[in-house]
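Reviewing the structure listed below.
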Amino acid sequence: MRNSWRGGTRPWVAAALAVAMVVGPMAAVGRGEVTSEQVQQAIRDGVRFLKGEQRPDGSWPEYNPRYATGTTSLATLALLTAGVPKNDPSIVAALRHLEQFSARQLGQVYTVALQTMVYAAADPDRYRIRLKENVEWLEAAQIGPRDGVDGVGGWTYTVQKGQSADNSNTQYALLGLNAAAEVGVPVDPDVWELARHYWEQSQRLNGGWGYTMAPNNQTTGSMTTAGISSLVITGLRRIQSRELLVGDEIRNCGEGGINPNIQRALDWMGANFRVDTNLGRGITWKYYYLYGLERAGRLSGQRYFGSHDWYVEGAEELVHLQDRLLGSWPRNAGEDSPVLTTSFALLFLAKGRAPVLINKLRHGVGDNWDIHREGVRNLVDAVSADWKTLLTWQVVNPDVASVEAMLQAPICFLNYHEPIGLGEDGKRNLRSYVEQGGFLFAEACCGSREHDRGFRALVAEIFPPDQGYELKPLSEDHPVYRSRHRLSPESAPLFGIDLGCRTVLIYSPNDLSGYWNFMPSQPDNAAVLRATRIGENVVDYATGREPPPDKLVPREVVDFQLELPRRGALQIAKLRHAGGWNVAPLAIPNLTTVLRQRIGYDVVINHRELLPTDPNLINFPLIYIHGNAAFSLSDADMEALRSHLDPGGGTFFADAACGSPAFDTAFRRFIAELLPDHELEVIPPDDELYTARVGFDLSDVQYTKAAGGDTARPRLEGVKIDGHWAVIYSPYDIGCALERQQGLDCKGYTHESAMRIAANVVIYATLP
């Protein structure tokens with residue numbers, strides 16, 4: 001006779017039965033603004049429209065006859081950026097058409113630059129010679145000191161240089177050159193130097209730019225975004241500081257900082273931000289402006305211009321304006337072609353939503369947090385190239401940003417050259433960010449002892465030693481030393497703090513970002529290579545080489561509150577033992593919070609921690625057992641637990657933290673001794689535990705890369721007593737995943753999959 005835990009009419013049982021009938025895959029919590037799904041649909045519809053407008057010869061109708069192939073290149077670039085593969089018939093046909101035209105035949109800066117961007121995006125190895133020819137043509141078209149034309153360092157329409165430079169042609173020339181440089185085609189360093197000087201000289205006193213240097217050209221949004229991205233692009237080739245790399249030594253370390261021209265432009269954008277018009281020009285060239293806005297925001301690392309989330313607001317505007325039936329965006333003043341407007345819209349939506357890999361933490365006053373300005377950008381670019389996935393970075397101030405906003409990136413990077421300027425809110429947010437699954441990567445800027453002491457003091461505040469936290473050297477067998485490159489503590493001394501299942505903070509007492517600053521200019525320098533490899537290893541360890549979701553996917557923050565048990569509500573117990581029983585202290589609160597908030601399950605948020613012989617054990621139908629080390633129990637412990645299962649009718653739910661072999665061996669021995677007349681067997685794939693009849697369909701759960709990366713049913717084992725699974729065990733991790741605390745070597749399930757598995761176990765354990 002089973003216990004009334006499974007035979008009564010408790011409210012949480014009724015809720016479970018109702019949920020089992022209606023719930024599908026776990027949906028994200030709703031939000032009022034544009035969603036990732038809406039943007040994805042808009043991109044699909046836009047791609048459909050562009051493919052439908054392509055002509056049999058692979059081209060698209062040209063917006064302006066003098067820009068031969070201009071619209072074709074722009075549409076091809078938009079399709080590639082939107083994820084259309086290079087072997088898709090539409091791309092193959094477009095490339096075949098573009099290949100007919102050399103740079104000399106095209107003769108226009110716009111068209112040569114756009115063709116260069118397409119070749120670099122499609123197949124840089126195949127088009128290496130064509131890219132080199134285009135770069136040489138663009139270099140020759142730059143206005144030089146001896147050309148006798150206004151705008152030295154800029155570009156006009158053609159190589160003839162018959163008129164002064166304009167900021168639109170100059171922007172696109174730099175975009176083409178930058179695309180080529182990113183795939184390894186060399187560009188004359190003097191080109192970057194002259195272009196940087198041009199943009200600095202043409203900037204207005206208000207911080208913005210007009211179409212040309214002429215004072216009667218008013219400041220516009222499209223030209224100001226062009227100026228921001230162009231200063232960033234040319235700055236990557238000309239570091240704005242007194243720092244010099246000589247051998248493995250950074251001389252004048254720390255004497256860098258924010259470029260005042262870029263900051264003035266960012267201030268202008270923040271004060272004048274709009275997405276419904278091209279600032280200064282009304283609706284004229286609005287879509288061209290939005291594409292420029294995407295580049296300016298992404299390349300400068302800004303999530304916000306002023307108080308405006310530029311991608312969210314721009315995406316909302318574009319999703320609203322799209323013709324849902326045709327998939328196109330409407331003609332616009334200056335852009336009298338839906339192919340043109342649709343291409344610009346797709347470039348904004350597809351590229352601007354790229355996942356954010358690293359938050360660079362802004363703190364205090366001044367620029368002490370940003371001495372090595374280009375370091376994080378260069379590291380993210382290196383990881384993007386390694387993963388073959390477009391990734392971005394952004395600046396976040398933890399004193400004012402929400403934890404949800406910070407969780408947009410899986411890593412926060414912290415350095416400083418003066419005392420750390422984090423306030424109490426920032427410290428609390430960093431702690432919460434880490435507890436919610438985030439990772440903190442830090443360094444002592446310039447390897448200064450003063451900075452080392454300052455960081456250690458900060459860590460002691462955020463993770464107090466009296467709470468069991470310790471910043472300690474990482475041992476040679478720590479997975480960070482083999483996550484990407486083979487490193488050692490001697491060549492890469494790193495310190496860390498463990499929280500539950502993984503190391504959540506890694507700190508380098510030696511400078512790293514200063515060397516990352518020199519990645520474009522001195523990529524073969526031994527010190528730069530070492531710092532780059534350390535950075536890549538830390539990133540790979542922190543993320544498991546899994547790109548984060550795109551910008552619009554909501555990040556869930558679980559803010560559970562301890563509460564007294566309520567009559568009739570389910571409360572889960574957690575078993576105390578000597579095998580690392582609490583390596584995931586927030587696993588159950590995270591699970592129960594989601595069960596209550598998403599599906600209305602009547603459950604107590606906080607769990608109860610009990611020893612096996614605790615007399616209160618009888619009040620808990622479900623007991624969770626988790627750990628990462630071997631353990632053993634006394635005869636009295638075993639007898640108490642045995643009676644809890646049979647005849648008590650309780651259920652044990654267990655998993656090995658990150659697939660721990662030591663815990664797995666101990667748990668199997670424990671069950672064999674606990675229930676000698678029963679065997680731990682594989683739960684068959686057709687069992688109701690895996691189905692929507694219980695809660696969620698578990699046929700497509702996602703394993704972590706360390707566990708093989710497959711999409712399949714979970715591997716669960718169990719012991720049946722009286723026809724019911726009284727023990728449900730996962731040799732792969734679930735608990736750490738419930739906390740999002742998963743490292744590169746953690747064998748288990750992704751967070752969402754672990755949540756679905758655990759939810760089914762909870763519901764199953766309480767069904768009659």
Side-chain angles (χ1 to χ4, degrees), residues 1-8 10 12-13 16-17 19-20 570 572-575 577 588 591 595 601 610 612 617-627 631 633 637-656 659 663-699 701 712-735 748-749 753-754 756-768:
M1 184 76 178
R2 303 302 294 167
N3 190 286
S4 61
W5 288 331
R6 295 202 181 91
R10 295 198 177 204
W12 36 266
V13 174
L17 291 169
V19 167
L570 172 68
I572 299 171
K574 189 171 185 180
L575 192 70
H577 57 80
I588 297 303
L591 170 64
L595 284 171
Y601 203 84
L610 298 175
L617 200 68
I618 194 173
N619 298 316
F620 296 89
L622 180 60
I623 298 175
Y624 178 57
I625 308 172
H626 176 76
F631 67 96
L633 299 174
D637 291 338
M638 298 289 277
E639 183 58 34
L641 293 174
R642 188 179 296 116
S643 62
H644 188 72
L645 292 178
D646 189 13
T651 302
F652 288 171
F653 170 33
D655 72 294
F663 180 87
D664 180 73
T665 299
F667 184 80
R668 293 178 185 280
R669 183 176 60 248
F670 159 67
I671 292 298
E673 295 175 4
L674 183 73
L675 302 168
D677 297 330
H678 299 78
E679 290 187 1
L680 192 63
E681 60 182 293
V682 174
I683 298 178
D686 60 350
D687 194 272
E688 67 171 348
L689 178 62
Y690 299 130
T691 69
R693 293 195 303 273
V694 168
F696 298 101
D697 178 3
L698 302 182
S699 62
V701 300
R713 283 183 174 83
R715 180 185 169 184
L716 298 178
E717 302 175 40
V719 173
K720 258 189 177 178
I721 299 177
D722 292 345
H724 198 278
W725 296 110
V727 176
I728 300 173
Y729 171 61
S730 171
Y732 290 103
D733 177 84
I734 291 176
Y749 304 94
S753 292
R756 289 161 56 198
I757 296 168
N760 273 29
V761 172
V762 171
I763 295 170
Y764 175 87
T766 55
L767 288 175

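The first residue of the sequence shown is numbered 1, and numbering continues consecutively from there.
With hydrogens and angles disregarded, a donor-acceptor distance shorter than 3.5 Å links the side chain of Asp655 to the backbone of Gly735. Counting only distance, with no hydrogens or angles, the side chain of Asp697 and the backbone of Ala692 share no donor-acceptor pair below 3.5 Å.
Atom CG of Leu595 is separated from atom CG of Leu570 by 8.5 Å, given to the nearest 0.5 angstrom. Distance check: Leu575 CG to Asp637 CG gives 8.0 Å after rounding to the nearest 0.5 Å. How far CG of Leu622 is from OG1 of Thr766: 8.5 Å, rounded to the nearest 0.5 Å. Note that CZ of Arg756 is 12.0 Å distant from CD1 of Ile734, once rounded to the nearest 0.5 Å. Phe631 contributes atom CZ, which lies 6.0 Å from atom CG of Leu633 (distance to the nearest 0.5 angstrom). Rounded to the nearest 0.5 Å, atoms CG (Asp687) and CG (Leu716) are 9.5 Å apart.
No side-chain heavy atom of Lys574 sits less than 4.5 Å from a side-chain heavy atom of Phe620. The side-chain heavy atoms of Trp725 and Glu688, taken from C-beta on, include no pair separated by under 4.5 Å. Side-chain contact check for Pro714 versus Tyr690: some heavy-atom pair is nearer than 4.5 Å.
For the residue pair Pro612 and Ala640, the shortest heavy atom distance occurs at O-CB, 3.3 Å. Closest of all the heavy-atom pairs between Ala726 and Ile721 is CB-CD1, 3.8 Å. Taking all atoms of both residues into account, the shortest heavy-atom contact from Val762 to Tyr601 is O-OH, 3.9 Å. In plain terms, the two heavy atoms of Ala573 and Leu610 that are nearest each other are CB-CD1, 4.0 Å. Of all non-hydrogen atoms in Ile763 and Gly695, the two that sit nearest each other are CD1-CA, 4.2 Å. Minimum interatomic distance between Ser730 and Tyr749 (heavy atoms only, all atoms of both residues): OG-CE1, 3.7 Å.
Scored by the side-chain contact (heavy atoms from CB on, under 4.5 Å) test, Asp664 finds Arg668, Tyr729, Pro731 as partners (sequence neighbours excluded). Qualifying side-chain contact (heavy atoms from CB on, under 4.5 Å) partners for Pro685, counting only residues two or more places apart in sequence or in other chains: Arg713. With sequence neighbours left out, Glu639 forms a salt bridge (charged side-chain N to carboxylate O under 4.0 Å, His left out) with Arg642. Considering only residues two or more places apart in sequence or on other chains, Thr691 meets the side-chain hydrogen bond (donor to acceptor under 3.5 Å, both in side chains) condition with none of them. Residues forming a ring-ring contact (aromatic ring centres under 6.0 Å, His included) with Tyr624 (at least two apart in sequence, or on another chain): His626, Phe653. By the side-chain hydrogen bond (donor to acceptor under 3.5 Å, both in side chains) test, Tyr732 is found to be paired with no residue, residues two or more places apart in sequence or in another chain being considered.
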Side-chain donor-acceptor contacts of residues 669-680 below 3.5 Å, not counting sequence neighbours, with atom names and distances?
none

Chi angles and distances behind the side chain to side chain contact (heavy atoms under 4.5 Å, CB included) call for Phe667, His577: CA-CA 11 Å; Phe667 184 80; His577 57 80; over 6 Å; no
